[in-house]
Amino acid sequence: MATPYTQVLPLPRHQHFPKPNPISKTVINDRYFENHPLVLLIDICQSIKQLKQIHAYMLRIGLFSDPFSASKLIEASSLSHFSSLDYAHKVFDEIPQPNLFSWNALIRAYSSSQDPIQSILMFVNMLCEGREFPSKFTYPFVFKASAKMKALRFGRGLHGMVVKGRDVGLDIFVLNSLIHFYADCGCLDAAYLVFENMQTRDVVSWNTMILGFAEGGYADEALKMFHRMGEENVRPNDVTMMAVLSACGKKLDLEFGRWVHAFIKRNGIRESLILYNAILDMYMKCGSIEDAERLFHKMGEKDIVSWTTMLVGYARAGNFNAARSILNTMPSQDIAAWNALISAYEQSGKPKEALSVFNELQLIKKAEPDEVTLVCALSACAQLGAIDLGGWIHVYIKKQGIKLNCHLTTALIDMYSKCGDVEKALEMFDSVNIRDVFVWSAMVAGLAMHGRGKEAISLFLKMQEHKVKPNSVTLINVLCACSHSGLVEEGRAIFNQMEDIYGIVPGVKHYACLVDILGRAGELEEAEKLINNMPITPGPSVWGALLGACRLHGNLELAEQACNRLVELEPENHGAYVLLSNIYAKSGKWDEVSMLRKRMRECGLKKEPGCSSIEVHSIVHEFLVGDNSHPQSQKIYAKLDEIAARLKHVGYVSNKSQILQLVEEEDMQEQALNLHSEKLAMAFGLISVAPSQPIRIVKNLRVCADCHAVAKLLSKLYNREIILRDRYRFHHFKEGNCSCKDYW
DNA sequence: ATAGGGTTAG
């Protein structure tokens, strides 16, 4: 049989090697076979197929048992341009006594792979076997893997080993990667300590430290480091400048950004395309589209990132036409560009536009949707309450065999929760085994918005059993759960434990939640006291919560106070006026209502029109108050008449205190109330949704008490489940009751 | 043999 590899690769000429002896101890860790023709072949090998042929031949002649030769094979299979980590690992497992080089090669390959934990596992295995010890070529990659994993405790342990291991503790590569690791874990003080204690620092040390500060949200520190670098006569390079630009973008300091741009030109910094893209990005972040455009037109070479950076800049500034025309003119539209447009629409509260771009992408098939696309599309569905489309995307993910990452899992849980199917959200949550803090937080939020406060709290506790540390958002969600379920004691207790147990200083949002919890429970005095004694300035959310509580408990004086503070902070906040006028209307103070209306008109404010939407057969239908623009309008109004008759029959009298507009005539009032957007949507739902399916409605404002009462009755009279999402939470109407137990 | 870099996501 012909030797297979000779058909592909020429065999080198020197042939004077003794046959490798697998048992001989003398060859272990020796470079004895360095110039063996097969080993030399590895260096010129170009594909995994060729490598496998060499591997086979090495096994045949026994060369594979030589650790040095085997390590060359590992290097090629794990680190070359044609590398295959799975294959490399399999080869590795066959090596009788892998040398340090082999261990390092695999640890390195895994550290920059999708699966950095493998790098750490390899490292631990190496320690356990105890034959080889980590070197200065090992640590940089284990630190890199630990940084990716945010494995702070593990990395700290490594740091200890480095310090004990003397010579590695002085290696500049090891220390630079250590700085990077601490910075990535958010421990900038530890990173800085390492930096300060270094005997010698190079430009990479400075760059790593500056970027660490910039990314960690300490832009000022980053810029200070840059200045100090100049004072210590360390020449910055292009990487330094990118770190500095990142800091400018965070600080939104256009003047300094322009200075940096000039500095780059003045100091002969290597002008790479990457660097220019970073300058573009900085100008866009600092809000100077003009500077960005000027540079963009001057740039000789542009790549897809340059175009996408412009696209994102326009879209974030709300100039969607310009963003769209970038997408149309850029030479190749990769998925990142589409994602940028979809995400910009979604983030600016334009979910319908986001979904229409998503739809277009699928029709023209210029690029394949990826995880980012799907996360954005799911968020748009969540905003709209479009459960059909959201469910379709879920099926698509399964069909395409897309692996769920935490971003996707979170988006799915959020989508199902916000579309009213908290059971599906829970199913999703239970079906995954990798859950980061975002996944847990989303599930806590889902339970919270459905008024399942006790379950939210127990999930919050379970999360800690799973050793996932709650963050500031998790705490907002769990406090919110307490407020929606009237869990006053629990809420108070969690709030008081925040700093000591969770290490999170309460922010404005946390205070707002507690005010809400206390206020709803009628503890207005305590809520007021809390606000007066807050160590931070109460923001709009805090006054809003107080105002909401006043509405529930009819405290006019406090309401006026809260409303005034709210309007001081947010002159354009019509919600505040509406709430106050709500309170006036409830106590029949129509003069005050009209005065407030006048004030709003003078400020040019309009009440945000109530709008309800309902998805039927994947199409989202929207209704405004008294809307008759729907194609099936006649049928809807006929249904409304029928509903009114049936309600009257069971003795229902409408609750007129809910009328926000000052309407003089009695029957006009009743009409306005009967034509609230959620009632139109409910009527349409009764006509169009199959009886076995719940009627799901999304309202942009809070549901009014009359509509709430009507929904309860309808659920009983028509034996239908109605799931209504308002601005605040969910209401599940079933058999004449609501899941909120009339507490909202 | 090694460390640091630009666009899109919850």
Specify the separation, in whole Å, of atom CD1 of A:Ile264 and atom C1' of B:dG5. 12 Å
Would the base of B:dG4 count as contacting A:Asn237 through its side chain, where contact means a donor and an acceptor less than 3.5 Å apart? yes
For the side chain of A:Val239, starting at C-beta, report the closest nucleotide among B:dT2, B:dG5, B:dT7. B:dG5
Does A:Ser272 reach a base, just sugar-phosphate, or nothing at all? Heavy atoms under 4.0 Å. base
Rounding to an integer number of Å, can you tell me how far A:Met229 CE sits from B:dG4 C1'? 11 Å
Measure from the ring centre of A:Phe137 to the centre of the six-membered ring in the base of B:dA1, then say whether that distance is under 5.5 Å and the planes meet at under 30°. yes
With the side chain defined as heavy atoms from C-beta on, A:Ala340 is closest, among B:dT7, B:dT8, B:dG6, to B:dT8
I need the CD1-C1' distance between A:Ile179 and B:dT2, as an integer number of Å. 15 Å
Is the distance between the ring centroids of A:Phe68 and A:Tyr32 less than 6.0 Å? no
Taking the minimum atom-to-atom distance to the side chain of A:Phe438, which one of B:dG10, B:dG5, B:dG4 wins? B:dG10
Lys/Arg cation over aromatic A:Phe296: A:Lys302, 6.0 Å, 45° cone: yes
Nearest to the side chain of A:Thr410, which nucleotide is it out of B:dG10, B:dG4, B:dG6? B:dG10
For A:Phe226, which residues count as a ring-ring contact (aromatic ring centres under 6.0 Å, His included) partner, sequence neighbours excluded? A:Phe263
I want to verify a distance call: between B:dA3, B:dT8, B:dG5, whose nearest atom is closest to the A:Ser343 side chain? B:dT8
How many whole angstroms separate atom CH2 of A:Trp206 from atom C1' of B:dA3? 17 Å
Under 4.0 angstrom, heavy atoms only, what part of the nucleic acid is A:Asp281 near: base, sugar-phosphate, or nothing? sugar-phosphate
Looking at every strand, decide which applies to A:Tyr139 at a 4.0 Å heavy-atom threshold: base, sugar-phosphate, or nothing. nothing
Whole-Å distance between B:dT2 P and A:Phe143 CZ? 18 Å
To the nearest angstrom, how far is A:Glu34 atom CD from B:dA1 atom P? 10 Å
Choose from B:dA3, B:dG5, B:dG6 the nucleotide whose nearest atom is closest to any side-chain atom of A:Asp202. B:dA3
Within the 4.0 Å heavy-atom criterion, would you say A:Asp436 contacts the bases, only the backbone, or no part of the nucleic acid? base
Rounded distance in Å - NZ (A:Lys144) to C1' (B:dA3): 9 Å
Would you kindly give the CG-to-P distance between A:Asp303 and B:dT7, to the nearest whole Å? 12 Å
is_close_aromatic(A:Phe358, A:Trp338), centroid dist under 6.0 Å: no
B:dG5, B:dA9, B:dT7: which one has an atom nearest the side-chain heavy atoms of A:Ile274? B:dG5
Just checking A:Tyr416 against A:His394, ring centres under 6.0 Å apart? yes
Heavy-atom count around A:Ile364 CD1 within 6.0 Å, excluding the residue itself: above 12? yes
Check every strand shown and say whether A:Arg201 touches a base, only sugar-phosphate, or nothing at a heavy-atom separation below 4.0 Å. nothing
Quick check for you: among B:dG4, B:dG5, B:dA9, whose closest atom lies nearest to any side-chain atom of A:Arg316? B:dA9
Side chains of A:Leu311 and A:Trp307, heavy atoms from C-beta outward: is any pair under 4.5 Å? no
Assign A:Glu215 to base, sugar-phosphate, or nothing according to its heavy-atom contacts below 4.0 angstrom with the strands shown. nothing
Between B:dT2, B:dG4, B:dT7, which nucleotide has the shortest distance from any of its atoms to the side chain of A:Arg108? B:dT2
B:dT8, B:dG5, B:dG10: which one has an atom nearest the side-chain heavy atoms of A:Leu211? B:dG5
With a 4.0 Å limit, can you tell me whether A:Gln347 has a side-chain N or O closer than that to the phosphate oxygens OP1/OP2 of B:dG10? yes
Should the side chain of A:Asn104 and the base of B:dA1 be counted as holding a donor-acceptor pair, with the cut-off at 3.5 Å? yes
